[in-house]
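Keep in mind that the numbers below use all heavy atoms, side chains included, and drop hydrogens, waters and symmetry copies. Atoms within each ligand, like the ligands themselves, are counted from 1 in listed order.
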Amino acid sequence: MVCAGTRQAKQGALTIVRRSSSKGKEAAAPTDEQLDQLDLDPEHLPAVDTPDACDKAALRLRYLLRQLNRGEISAETLQKNLQYAAKVLEAVYIDETKEPRPEGDQRAAPAPLPRRRLRTPCWARCSIDRPEAKRLADEDDELSEVQPDAVPPEVREWLASTFTRQLATAKRKSDEKPKFRSVAHAIRAGIFVDRIYRRVTSTALMQFPQDVVRVLKTLDEWSFDVFALNEAAGGAAIKYLGYELLNRYGMIHKFKVPPTVLENFLGRIEEGYCKFHNPYHNNLHAADVAQTVHYMLCQTGLMNWLSDLEIFATLVAAVVHDFEHTGTTNNFHVMSGSDTALLYNDRAVLENHHISAAFRLLRDEECNILQNLSRDEFREFRTLVIDMVLATDMSFHFQQLKNMRAMLTLAEPVVDKSKAASLVLHCCDISHPAKRWDLHHRWTMSLLDEFFLQGDKERELGLPFSPLCDRNNTLVAESQIGFIEFIVEPSMGVCADMLECVLGPLHGAKGPREPRGEGGKGDYHCLD
Ligand code: AMP
Ligand code: ZN
């Protein structure tokens, strides 16, 4: 790696120029003696966005390589030092990924639409003896052999966006253009670190039972059978589905989530969902919503519009959105004066609890999947998750749809990413009537079971029955028709308009479709 001779580190971005002393030659490899004297303690390292960090990272990579060859290195030392090297590379500032514009062309460059490729499923990586899995694993490995001069623009774009942050955050001064060769060196070094990191993590990746693998093959389908997954997974649907999704979107890799920590986190989340033995608001529902969010992200192209952090937050929000649900509604909490209602002043009682309990869990180091996020990333992630989960409070439903619809009718709608992701999550939360009949029927029966159990409690406490909770006086079919017609269908309609608005132009559509009006079929009306 060739790095800055001039000290011009800026906030979170390091400009690469050739080392002035090397005059076009590669920097000399460190001697064995230098490597022997290396202090490997990760505490003693310079900040990642300083020129010094490049040298230190390179030296450590050489050292790791040597020790790997000798088989004398602990996984922990390897991981910590690779993480540091990866962060140094991410701080490197590269602006050579755009196509050159013709001379005199002053137009603003069109926003490129980065096409994401989901990663190889981790169960395919784990069992590379199967031919299909081997082909995918080979494709991954081939990347590491790419010569910089042969890198096509879209691959360069992907590499740059994976190994640097500049596309989203930094701006380059026009007189600071790096040479492509030096960029290429950085990319190669990035691939090198990436490959070692993947080797370390993939050996530690969770093993998937064959039955789980079989069910997960239909993960991208709208009517994915989460009940079958849970059965195959021995009741641990969240553990496998959550792990698989975070791996597929590259989140484990991108945010350096230690695999065992992820496993611990998902295990504890799963336990929290099973705490009250709810017929409906349990681990299955969380897994179902997370899978439906995945469908929306990958099948509509939404994943190309969102940043890595936004995708990470959306998937985690889906997984935790009903964490430690009590099997009773907000209304029940308020009317019975529960401790939780007292704590949250009767507002979004359950939703506040889901978020708070999930973030409390993340304080435990063994479950902290956010441990390698920067302070800013953590803040952004937390804000997104809070906004998204609070928006699953059904009492916000009409307001949420009204706001989004109003925005879509503007001459130039600007859709806020957090609001878009919130609407998607809300729609996925109530999506089962749009799934295959047997799945929908099962969900509805489970929810009614839960409502009726609440009704039994209400009767015991001398409270009035909440709607749909009296097992002797509930019109099941009618309630379902009402739910579908007034809640589900209008939500899906607004969500479709919103997706068309943000993704249509990116995918070359003529423009956003006319948003649905206020009066026709498919509109919602306040039920009360
Ligand atoms: P959540 O509680 O976060 O899962 O939000 C979804 C809410 O949608 C549920 O609590 C119910 O109020 C409502 N819901 C979902 N499915 C049905 C259904 N089949 N019938 C009536 N309401 C439903
Ligand atoms: Zn839910």
Side-chain angles (χ1 to χ4, degrees), residues 226 237-238 241-242 269-270 272-274 276 278-293 296 314-334 340 348-355 357-358 385-398 400-401 422-455 465-471 474-492 495 524 527-528:
V226 79
I238 292 185
L241 189 125
I269 291 288
E270 193 119 40
Y273 272 104
C274 299
F276 297 99
N278 307 327
Y280 180 88
H281 286 103
N282 51 36
N283 60 329
L284 270 164
H285 169 63
D288 179 50
V289 173
Q291 186 275 332
T292 313
V293 163
M296 299 283 262
T314 306
L315 292 171
V316 172
V319 167
V320 306
H321 87 279
D322 277 329
F323 181 49
E324 292 185 347
H325 199 291
T326 51
T328 48
T329 60
N330 279 339
N331 188 53
F332 181 83
H333 277 274
V334 173
T340 323
V349 176
L350 282 162
E351 291 72 21
N352 271 307
H353 176 79
H354 305 320
I355 303 162
V385 172
I386 292 173
D387 287 350
M388 278 186 252
V389 178
L390 282 182
T392 62
D393 176 359
M394 286 301 281
S395 69
F396 184 54
H397 165 83
F398 289 105
Q400 189 183 14
L401 259 59
S422 297
L423 179 59
V424 167
L425 177 57
H426 173 52
C427 287
C428 295
D429 202 13
I430 54 172
S431 63
H432 64 80
K435 303 269 176 89
R436 225 172 49 207
W437 170 257
D438 59 313
L439 300 174
H440 164 55
H441 188 259
R442 195 162 168 181
W443 286 123
T444 301
M445 290 303 130
S446 309
L447 184 65
L448 288 170
D449 271 355
E450 193 169 303
F451 282 166
F452 294 158
L453 287 171
Q454 174 173 323
F465 286 117
S466 298
L468 305 192
C469 290
D470 180 354
R471 61 174 73 243
T474 291
L475 300 170
V476 174
E478 288 84 345
S479 71
Q480 289 310 296
I481 292 169
F483 176 64
I484 293 168
E485 195 170 332
F486 295 110
I487 306 291
V488 182
E489 200 274 348
S491 303
M492 298 297 181
C495 190
Y524 56 82
L527 285 171
D528 48 21

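- The Zn ion (ligand 2) sits nearest to atom NE2 when only the N, O or S atoms of H285 are considered.
- In terms of protein heavy-atom proximity, atom 7 (C) of ligand 1 is nearest to M394 CG, 3.7 Å.
- Near H281, the atoms of ligand 1 lying under 4.0 angstrom from a non-hydrogen atom of the residue are 1 (P), 2 (O), 4 (O), 10 (O).
- Defined by atom type and a distance below 3.5 Å, a donor-acceptor pair is present between the side-chain atoms of T329 and Q454.
- Nearest protein heavy-atom neighbour of atom 12 (O) of ligand 1: F451 CZ, 4.1 Å.
- Taking every non-hydrogen atom of T444 and a distance limit under 4.0 Å, the qualifying atoms of ligand 1 come out as 19 (N).
- In terms of heavy-atom proximity, P279 sits nearest to N282 at O-ND2, 3.1 Å.
- Between H354 and H325, the ring planes lie parallel to each other; the angle is under 30°, not in the 30° to 60° tilted range.
- In this structure, the protein non-hydrogen atom closest to atom 14 (N) of ligand 1 is F483 CZ, 3.3 Å.
- A donor and an acceptor atom, one from each side chain of H285 and H321, are located under 3.5 Å apart.
- Side-chain contact of N283 with E270: a donor-acceptor pair under 3.5 Å is present, judged by distance alone.
- Closest to atom 11 (C) of ligand 1, if we only count protein heavy atoms, is L447 CD2, 4.0 Å.
- Not one N/O/S atom of H325, from backbone or side chain, sits under 2.8 Å from the Zn ion (ligand 2).
- Closest to atom 19 (N) of ligand 1, if we only count protein heavy atoms, is Q480 OE1, 2.8 Å.
- Of the possible donor and acceptor atoms, none in the side chain of Y273 sits under 3.5 Å from a partner among the backbone N and O of N278.
- For ligand 1, none of its N or O atoms has an N or O atom of H440 under 3.5 Å away.
- Close N/O approach between H325 and ligand 1 is not found [any backbone or side-chain N/O within under 3.5 Å].
- Using a 4.5 Å heavy-atom threshold, the side chains of N352 and V389 count as separate.
- Atoms of ligand 1 found under 4.0 Å from any heavy atom of H432, numbered from 1 in the order shown, are 15 (C), 16 (N), 17 (C), 19 (N).
- Side chains of T392 and D429: a donor-acceptor N/O pair is absent below 3.5 angstrom, by distance only.
- Of all the atoms in ligand 1, the ones that sit under 4.0 Å from a non-hydrogen atom of I430 are 6 (C), 8 (O).
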The test is side-chain contact (heavy atoms from CB on, under 4.5 Å); show your working for T340 and L350 and say whether it passes.
CA-CA 8 Å; T340 323; L350 282 162; over 6 Å; no
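- Within the structure, the closest approach of E351 to ligand 1 does not fall below 4.0 Å when heavy atoms are considered.
- The aromatic rings of W437 and H440 sit perpendicular to each other, their planes meeting at more than 60°, with 30° as the lower class boundary.
- Rounding to 10°, one obtains 80° for the angle at the Zn ion (ligand 2) between NE2 (H321) and OD2 (D322).
- Close contacts of ligand 1 with D322, meaning ligand atoms under 4.0 Å from a residue heavy atom, involve 1 (P), 3 (O), 4 (O).
- The name of the N, O or S atom in D429 nearest to the Zn ion (ligand 2) is OD1.
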Run H333 and T328 through side-chain contact (heavy atoms from CB on, under 4.5 Å) and show every step you take.
CA-CA 7 Å; H333 277 274; T328 48; 3.4 Å; yes
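- Within the set T329, D429, V289, D288, the minimum heavy-atom distance to atom 3 (O) of ligand 1 is found for D429.
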